[in-house]
There are 2 protein chains.
Amino acid sequence: MNIMKNNIRELRKEKNYRQEDLATALGVTRQTINAIENDKYDPTLLLAFKLANILGTTVDKLFAPDPEILK
Amino acid sequence: MNIMKNNIRELRKEKNYRQEDLATALGVTRQTINAIENDKYDPTLLLAFKLANILGTTVDKLFAPDPEILK
DNA sequence: CCGTAATGTCAAAAGTATTTTACATTCAGA
DNA sequence: TCTGAATGTAAAATACTTTTGACATTACGG
């Protein structure tokens, strides 16, 4: 199960991208973007950096792990 | 293949932790810490956050993807 | 309302991260 | 030099991420 929050959808919409636009820009599939936006699983670290980069933010701002989990 | 750089080893030594100390503190195995320090593979996003947290830094400062790869 | 674009979802397969167990190498101190 | 501690490494098993292909649902402009 996945405990990370993210605001990819909000930032994506600000840029008027479709899930598919983001996906092709990052070299992944639309299903991957959809799954991450809907918290099905976390992206790899590399994909997290690519997402932050294209959305004009940082990994630390884009994702927020449950504070409970940061022992 | 793994294209991410990190300075976990340096920060770990500043804190006088052994690989095993970091591992048990984060709930992973020593082999995992060793593999990440030696760039065998990237950690998951969650483990990256845990590492940054315990080492007193941020994911963005702790890891640096090859700029080439950030299209 | 109708058509179509966008999003949601699913199952199977492939790729990658992590664990476990085990052994090898390096290095500092007694 | 000898010992023990720390690190490096490897293979097999398991878990998780991503792809592929396909179909369902939602939302919106005409």
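Proteins get letters first, then strands, A, B, ... in listed order; numbering begins at 1 in each.
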For atom [atom1] of [X] and atom [atom2] of [N], their distance in whole Å:
X       : N      : atom1 : atom2 : answer
A:Arg9  : D:dT26 : CZ    : P     : 14 Å
B:Asn38 : D:dA10 : CG    : P     : 11 Å
A:Leu26 : D:dT18 : CG    : P     : 11 Å
A:Asp39 : C:dT9  : CG    : C1'   : 15 Å
B:Glu20 : D:dT7  : CD    : C1'   : 11 Å

Looking at [X] and [Y], what are the two nearest heavy atoms and their distance?
X       : Y       : answer
A:Ile36 : A:Asn6  : O-ND2, 3.3 Å
A:Leu45 : B:Met4  : CG-CE, 3.2 Å
A:Thr58 : A:Ala52 : C-CB, 3.5 Å
B:Leu62 : B:Asn7  : O-OD1, 3.2 Å
B:Glu37 : B:Ile8  : OE2-CG2, 3.8 Å

Would you say A:Asn34 reaches C:dT7's phosphate, i.e. side-chain N/O to OP1/OP2 under 4.0 Å?
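For C:dT7, OP1/OP2 do not have a side-chain N/O of A:Asn34 under 4.0 Å.
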Among B:Ile69, B:Asp66, B:Val59, which residue meets the side-chain contact (heavy atoms from CB on, under 4.5 Å) test with A:Phe49?
B:Val59
Protein within reach of the bases, or only the backbone? For nucleotides 17-22 of chain C, mark each nucleotide 5' to 3' as B, S or -, using heavy atoms under 4.0 Å.
SBBBBB
Between atom CD of A:Glu10 and atom CG of A:Leu55, what is the distance when rounded to the nearest 0.5 Å?
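Reported value, rounded in 0.5 Å steps: 10.5 Å.
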Near DNA chain C, counting only heavy atoms under 4.0 Å, which residues of residues 12-19 of chain A show up?
A:Arg12, A:Arg18, A:Gln19
Quick one: does B:Gln19's side chain get under 4.5 Å of B:Arg9's, heavy atoms only?
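They are in contact (side-chain heavy atoms under 4.5 Å apart), so the answer is yes.
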